[in-house]
Amino acid sequence: MGFFISTLAFGIFSLLCFILAVFIYFRLLIAVCTFKKLPKWIYALGHIQITRRSVQFDDITDKLALIEASVFMLCIILVNIIVTGVNYFKLHNIGKAIFFCLQMQFAIIMAAIILSGITRPLIHFFIPSYRTKYSYSTTNALDVLMFFASFAFTFFISIAGIPAKPVNVQIAGTDVIIGTTKASTLLDNGFTFKDKDVDSEIINTRNDHFYYGEYLELYLGDKSFGHVCVTPTWKDSDELKNCTVTLFKATPDDTDLSAVKINNVALSDLELSDFENEDLIDIFSLHPTDYDEMKGPYYFVLTLQTHDYSLWKRYRIEADFNSDNSLSYYTVMAQHTIWE
């Protein structure tokens, strides 16, 4: 839970800095249009130094201050567009291009600060009426806020990554979103859990990174449909009906594979050769931005969301085969620090 809170705090801090920067920009716009001064705290914020070179900033609110601030905001937009565009042509995937751009926000903001610094003398040259010797504290306030926002956001996304779409498993026609669906959904659709009833206490001992809560066999009538992990969502213990399904495991011995699908792909239709010759994202028709595939002679793993799962859930699809090419098991699981 501590990792979840600390990661969330970095995200909130970066968001607040960004919102405050946008707020100051529009306050500056209104102040220039209405010929008013800005609040003193904005000027005070603009006197923070982010470089070794000491600069004496001026608490002036005029049209040139607005122009310089607007140029800086436009530079941020421009550099983001350029970085995204370049990576789109390299990767041919808009999702990956945007993700790369998000990971580079600190470098992008530094580039925007340098670019806006280069354009300021050009503005003074091409617009003689706006020539000035002022160093505006309002413009520096935006630089400071975007500097800290980008630093915190870059750290945040390097840890948390971006959320992945949950994996949907269909068990005898019932949709189970691993890491989201409650045990009550299965109970309402006629499923039962071996040796457990709706009010049975489920305890999460938090001693495993994969198998959270309790590992139970799943039945529909008298027919087994594999095993699931049911996990108390925010507590160490809870009633079965309130727990989240965090793992599903199917083997040929205890599961009718024709009645089980992963993302609408029937498990009975898959063979070892499919995993050897195709990527797992293609087998299950998935289109993740951040993923990793591991292929062994008989063991295959698809990981969705490869960063730490301190904020967003990580999803894994595993397929394991025996040396005679027969299936050993399929597993779909979700991982999150709130369950560890």
Visitor: Can you list, pair by pair, the side-chain donor-acceptor contacts under 3.5 Å of residues 157-176, counting residues two or more places apart and other chains?
Guide:
{"unit_1": "S158", "atom_1": "OG", "unit_2": "T154", "atom_2": "O", "d": "3.3"}
{"unit_1": "S158", "atom_1": "OG", "unit_2": "F155", "atom_2": "O", "d": "2.7"}
{"unit_1": "Q170", "atom_1": "OE1", "unit_2": "N264", "atom_2": "N", "d": "3.0"}

Visitor: Could you tell me whether K90 atom NZ has more than 12 heavy atoms of other residues or ligands within 6.0 Å of it?
Guide: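 Atom NZ in K90 is not crowded, with 12 or fewer foreign heavy atoms closer than 6.0 Å.
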Visitor: Mind jotting down which residue pairs meet the salt bridge (charged side-chain N to carboxylate O under 4.0 Å, His left out) criterion with at least one end in residues 267-290? Sequence neighbours excluded, please.
Guide: D279-K295
Visitor: According to the ring pair (Phe, Tyr, Trp, His ring centres under 6.0 Å) rule, which pairs have a member within residues 255-278, sequence neighbours left out?
Guide: F275-F300, F275-F321
Visitor: What do you reckon, is NZ of K261 surrounded by more than 12 foreign heavy atoms closer than 6.0 Å?
Guide: no
Visitor: Centroid separation under 6.0 Å, is that true for the rings of H227 and Y215?
Guide: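 When the ring centroids of Y215 and H227 are compared, they turn out to be within the sub-6.0 Å range.
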Visitor: Can you run down the salt bridge (charged side-chain N to carboxylate O under 4.0 Å, His left out) pairs that involve residues 140-150, sequence neighbours left out, and say none if there aren't any?
Guide: R120-D143
Visitor: Which pairs, with at least one residue in residues 312-323 and sequence neighbours excluded, count as a salt bridge (charged side-chain N to carboxylate O under 4.0 Å, His left out)?
Guide: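 Of all non-adjacent pairs touching residues 312-323, those that pass salt bridge (charged side-chain N to carboxylate O under 4.0 Å, His left out) are R316-E318.
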Visitor: Heavy atoms only: give me the nearest C17-A149 pair and the separation to one decimal.
Guide: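 That would be CB-CB, 3.5 Å.
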Visitor: Just by distance, no angles: are the side chains of S310 and T337 close enough, under 3.5 Å, to form a donor-acceptor pair?
Guide: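 Per modelled atom types, S310 and T337 side chains form no pair under 3.5 Å.
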Visitor: For a quick check under 3.5 Å, do H47 and N140 share a side-chain donor-acceptor pair by atom type?
Guide: no
Visitor: Heavy atoms only: give me the nearest I113-S116 pair and the separation to one decimal.
Guide: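 Nearest heavy atoms, I113 then S116: O-OG, 2.9 Å.
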Visitor: List in chain and number order the residues that pass ring-ring contact (aromatic ring centres under 6.0 Å, His included) with F147, two or more places apart in sequence or in another chain; answer none if no residue qualifies.
Guide: F106
